[in-house]
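A note on names: the letters A, B, ... follow the listed sequences, proteins ahead of strands, and every chain is numbered from 1.
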Amino acid sequence: MITCKNCLHKNSPGAIFCSDCGAQLSDMDLSTQSIRTDKVIAPVGGDTNIPSAPKPITDHGWGSLHLMESGQILPLAERDEFTLGRVSEGQPAVPDLDLSPYMAYAGGVSRMHALLKRDGKRVILMDLGSANGTYVNGKRLTANVERLLNHGDVVALGKFKFQVLIR
Amino acid sequence: MTIPPNYYTLLGILKDASPEEIKRAYIESAQRLHPDKNQAPGETEIFLEVQQAYETLSNPKRRKAYDATLPKEETDSNPIFHEVLYSRPQLVRMDEPQLVYVLLNLRAHHQNEPFPIPPLNVCLVLDRSTSMKDAKMDLLKAAAIQFMRGLRPEDIFSVVAFSDRAEVIIPAAYQADRQKLESRIRDIQASGATELFQGLECGMNEMRRGLDARRVNQLILLTDGHTYGDEEACIKLATKAAQEGIGISVMGIGTDWNDTFLDQVASRTGNTSRYIARPQEIQKLLAEKFRNLTRVLVEEVTLESKLQDGISLNYAFRLQPETGPVSFGEMTRLGSVLRDTDLSILFEFLVQPPALKPQGTHLLDGNLKIVMAARPTPLPPIRIRLEREVADEPAPVSPPSAILQALSRLTLYRMQERARAESQNGELAQATRSLKNLAAHLLEQGHRDLANTVLLEAENIQRKRAFSLTGEKEIKYATRALLMQEGESST
């Protein structure tokens with residue numbers, strides 16, 4: 001039996017919400033933190049400073065992510081496909097690029113949030129059905145539909161923003 | 001267009017099946033088809049093919065080589081693709097019953113051949129009982145006329161009006177002279193009592209005249225009142241309609257109709273009821289219905305299944321499209337797949353301790369039968385098997401977010417169901433408490449207006465000792481609509 005902390009109702013094992021008071025039972029967290037997305041995104045105009053030539057991070061990288069909150073640059077190298085998300089305990093699938101060191105949880109990033117990949121010269125982004133959505137230049141993507149990215153596009157996973165720099 | 005079954009379809013598995021799944025599928029087919037115990041002609045050949053399939057697929061190298069020979073289209077020759085999510089990776093060995101949730105999604109392949117949009121065969125069954133008098137009747141007639149104007153030349157259309165008896169206003173046919181027909185609708189007069197069965201039966205007869213597997217066949221009932229004494233007959237008729245490939249959906253106008261009963265009628269055919277609070281909205285909802293009918297890719301998915309011993313299903317609920325309860329049986333109508341909207345069903349299973357077997361627990365075995373109006377050849381059924389391994393300790397994994405989100409909203413819907421049941425049983429204190437809990441959750445999620453409606457209803461119960469007719473429908477359909485939004489935003 002699982003006893004609901006809120007109302008002390010006894011629920012069958014495996015229940016996720018209390019059948020009496022409706023409170024969530026599992027205290028394993030860890031649904032992605034829900035944030036309000038309506039005010040999050042201000043479209044970025046063309047006049048923001050896009051670094052005109054992305055500095056070569058590594059010789060063989062095909063691009064990099066410029067994290068707008070911290071100013072850090074994450075290189076995209078050694079593979080053509082990255083899942084973006086954050087690692088949390090007890091999660092079977094781990095994203096290729098873990099954003100949790102950069103405050104991804106507070107930004108509303110899902111554990112498997114989006115897929116970024118290179119196909120020849122094209123760079124493609126796809127939302128993986130994330131809780132808080134993926135935005136390119138302020139426009140929300142439809143989940144599981146690919147979107148072509150251009151150099152300098154601003155991507156937001158929830159409200160976690162970065163600029164995509166393509167070589 | 002008949003493609004010989006490939007090794008994957010032969011074993012009833014998907015192309016990305018794991019080695020364990022391949023093995024299990026093979027053992028199962030082999031047991032079923034083994035020549036020693038099998039009589040049906042032709043099955044020995046199948047058995048040999050199955051054997052060959054297994055020999056190839058169980059060897060990674062040979063499997064890879066075989067995959068390379070499959071034509072690209074073949075891999076997604078089935079226009080429907082299904083996906084199963086479980087609330088947890090394993091069941092746990094214990095001596096009390098436990099719950100497990102399963103989310104079943106059926107989706108149209110994105111790049112499938114452009115199927116033509118199938119024509120419709122629609123019958124509007126209109127309630128013209130006395131209670132519909134005046135403005136309500138006028139708005140209903142106007143909406144029916146609008147609906148007819150929106151039809152395409154290839155659609156078959158009919159109209160039936162009923163009170164305590166039914167009459168055909170427009171017989172089922174391609175409608176050429178629409179103007180003349182419009183005046184027939186305008187001439188409908190309200191009078192008499194509501195006898196649903198009369199209307200449904202007369203509507204079904206019109207539906208049968210235009211019935212065609214290449215069409216999307218749907219009867220739409222619009223009513224505002226209770227029927228008395230013929231409920232059983234209506235449900236029987238709906239069951240029959242489902243067998244014949246006819247869907248019945250219901251639109252209830254105002255607060256005096258019996259939503260629980262009409263949900264049962266509609267869900268027998270994989271459809272649902274909608275609530276029309278004000279007659280001004282009839283037209284909007286009918287237009288929405290028409291839009292959905294023209295977006296249908298798969299008209300009906302039927303789950304033919306048996307629950308395993310020791311397993312019971314607490315409920316099944318369609319999250320989208322057309323959110324509503326699913327009535328489960330040996331033949332369960334799950335609903336339709338739209339071109340741009342998945343069919344998603346959430347199941348809650350209760351597993352009794354004896355069903356926990358060392359080799360794993362089968363929850364449900366069955367086939368998904370797919371009726372696709374736009375496709376000339378029948379589709380092979382999709383085998384479906386819901387099962388979990390049994391472990392000694394629970395795995396520390398949180399449920400998939402899709403299940404979590406759906407359940408958090410479904411929990412709200414079920415709380416209102418529960419409050420209604422409690423108030424019907426005279427447990428007023430319980431019902432009040434459930435409503436207050438519901439309001440608190442709604443507030444938390446930012447649905448302030450609905451939370452207020454719920455609190456008002458809680459007060460009303462204290463005073464009147466029962467739900468108000470308005471309150472019960474408002475709250476039910478508004479909490480259902482929360483599920484709908486969720487579904488639509490995620491596709």
Practice task
Run the numbers on B/L404 and A/Q24 for side chain to side chain contact (heavy atoms under 4.5 Å, CB included), then give the verdict.
Solution key: CA-CA 9 Å; B/L404 215 50; A/Q24 188 168 352; 3.8 Å; yes

Exercise for the section: May I have the step-by-step check of side chain to side chain contact (heavy atoms under 4.5 Å, CB included) for A/C21 and B/K436, ending in yes or no? Expected result: CA-CA 9 Å; A/C21 73; B/K436 285 188 173 158; over 6 Å; no

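For chain B, no part of A/M112 is nearby; none of its heavy atoms comes within less than 4.5 Å. No part of A/D127 comes within reach of chain B, as not one of its non-hydrogen atoms sits under 4.5 angstrom from that chain. Heavy atoms closer than 4.5 Å to chain A are found in the side chain of B/R433, but not in its backbone.
When each of B/S408, B/S87, B/S398 is checked for a side-chain contact (heavy atoms from CB on, under 4.5 Å) with A/I16, only B/S87 meets the rule.
Atom CZ of B/R448 sits in a sparse spot, with 12 or fewer heavy atoms from other residues, nucleotides or ligands closer than 6.0 Å. Heavy-atom neighbours of B/D309 CG from other residues, nucleotides or ligands within 6.0 Å: at or below the threshold of 12. Residue B/E83 places its CD atom among more than 12 non-hydrogen atoms of other residues, nucleotides or ligands, all under 6.0 Å distant.
Under the 3.5 Å distance criterion, the side-chain polar atoms of B/R418 are matched with a main-chain donor or acceptor of A/S19. In this structure, B/Q98 contributes its side chain and A/S12 its backbone to no donor-acceptor pair below 3.5 Å.
Annotation for B/R88 and A/P13: closest pair NH2-O, 4.1 Å, computed over non-hydrogen atoms. A pairwise comparison of heavy atoms in A/M1 and B/E96 identifies N-OE2, 2.6 Å as the closest pair.
Here CZ of A/F17 is found 11.5 Å from CE of B/M415. Values are rounded to the nearest 0.5 Å.
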